[in-house]
Number of protein chains: 2
Amino acid sequence: MVALRPLQALRLWQQVCLAEVRNEMPDLSERQLAILLTVYLDPPPHTVRGLAEKLKVTKPVITRALDTMGAMRLLARHRDEEDRRNVLIRRTVEGALFVERFGDTVVAKAGELAP
Amino acid sequence: MVALRPLQALRLWQQVCLAEVRNEMPDLSERQLAILLTVYLDPPPHTVRGLAEKLKVTKPVITRALDTMGAMRLLARHRDEEDRRNVLIRRTVEGALFVERFGDTVVAKAGELAP
DNA sequence: GCGCAATGATACGGAACCGAAACGGTTGTG
DNA sequence: CACAACCGTTTCGGTTCCGTATCATTGCGC
């Protein structure tokens, strides 16, 4: 667990949100970010329907987010050879770097919080 | 400061984002949330231009966000009596409750993180 | 009183996003 | 083999958001 007081939690959120909206960080929507972090933090395999269930959104939402983040090279699609109905969503080098930097930013903002 | 390791930071972000997109929490855009937290965490006075500068967005963005969050009673507009060109953005009871609950959710998710 | 600048709001065109419906392809079953 | 079920993608109509341009009001200096 991480010990975090309510005011610290809110301040942390504010600072990271401000960094995001000021374009200090690339601008992904909430859902895109949730998808991205899930792919990079949760163990594979990741499928469109799995992600849709996890986020409680419809599959086309995932498809479109994959389109967008695929174009940014943050994620990649691969057809599942064992069942070609499935698309497996994989990590990329660029995506891993993006997620690492995001994590570093959050850590940095946390470090600036009053005790 | 708050001691947070990169993986914890990312996990925290993931869990709160997932809670948000699953509608466990009301769905505000990143910018709306940044505006809301700024009004509730930073000392007044808050003006449209001040918020626009802080977020590095244009004034109509703030106006629209105020429309949306005003309708949700999370924020209120008051014309500044000393200079009637200004609109002062004030806190509301509902907004304070919302922000408090948001903070509690973040704290709860932080409490679930692996050490 | 006038001209100018500042304020926030409104209108406009465009981009991005949503869910529902539809579609084409693949797999499992009888 | 035919059909149902499943998959992800595409289309559709609607909503929300963006920046730019414009507007009405207010304040200030001359």
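Lettering of chains follows the sequences in order, A, B, ..., and the numbering in each one begins at 1.
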Under 4.0 Å between a Lys/Arg side-chain N and an Asp/Glu carboxylate O for [X] and [Y]?
X	Y	value
A:Glu81	A:Arg84	yes
A:Asp80	A:Arg85	no
A:Asp104	A:Lys109	no

(message) Does the protein touch nucleotides 24-30 of chain C at the base, only the backbone, or not at all? Give it as B, S and - per nucleotide, heavy atoms under 4.0 Å.
(response) -BBB---
(request) Kindly compute the distance separating OG1 (B:Thr47) from NZ (B:Lys59), expressed to the nearest 0.5 Å. (result)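 Rounded to the nearest 0.5 Å, the OG1-NZ separation comes to 9.5 Å.
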(request) Select one nucleotide: of D:dG19, D:dG8, C:dG8, the one nearest the side-chain heavy atoms of B:Val57. (result)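 Between D:dG19, D:dG8, C:dG8, the one nearest the side chain of B:Val57 would be D:dG19.
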Please report, rounded to the nearest Å, how far the [atom2] atom of [N] is from the [atom1] atom of [X].
X	N	atom1	atom2	answer
B:Lys56	D:dC18	NZ	P	17 Å
B:Leu28	C:dC17	CG	P	18 Å
A:Leu51	D:dT9	CG	C1'	15 Å
A:Asp67	C:dC17	CG	C1'	13 Å
B:Leu55	D:dG19	CG	C1'	15 Å
B:Asn86	D:dT26	CG	P	12 Å
A:Met69	C:dC17	CE	C1'	13 Å
B:Lys59	D:dA21	NZ	P	14 Å

(message) For a quick test of reading the model: is some side-chain N or O of B:Arg49 closer than 4.0 Å to OP1 or OP2 of C:dG8?
(response) yes
Are [X] and [Y] close enough that some pair of their side-chain heavy atoms sits under 4.5 Å apart?
X	Y	value
B:Leu12	A:Leu4	yes
B:Phe102	B:Tyr40	no
A:Thr68	A:Gln32	yes

(message) Does A:Arg77, at its CZ atom, have more than 12 non-hydrogen atoms belonging to other residues, nucleotides or ligands within less than 6.0 Å?
(response)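 Count over threshold, so yes.
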(request) Would you kindly compare B:Arg77 and A:Val61 by the position of their nearest DNA chain C nucleotide and give the one closer to the 5′ end? (result) B:Arg77
(message) Let me spell it out: for each of A:Ala65 and B:Pro60, pick the nucleotide of DNA chain C with the closest heavy atom. Which residue's pick is nearer the 5' end?
(response)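 Final value for this comparison: B:Pro60.
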(request) Say whether A:Gln8 and A:Arg11, considering side chains only, have a donor N or O and an acceptor N or O under 3.5 Å apart. (result) no
(request) Indicate, yes or no, whether a donor-acceptor pair under 3.5 Å links the base of D:dG8 to the side chain of A:Arg64. (result)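 In this structure, the two groups form no donor-acceptor pair.
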(request) For DNA chain C, find the residues of residues 29-47 of chain B with a heavy-atom distance under 4.0 Å and give them by number; none if there aren't any. (result) B:Thr47
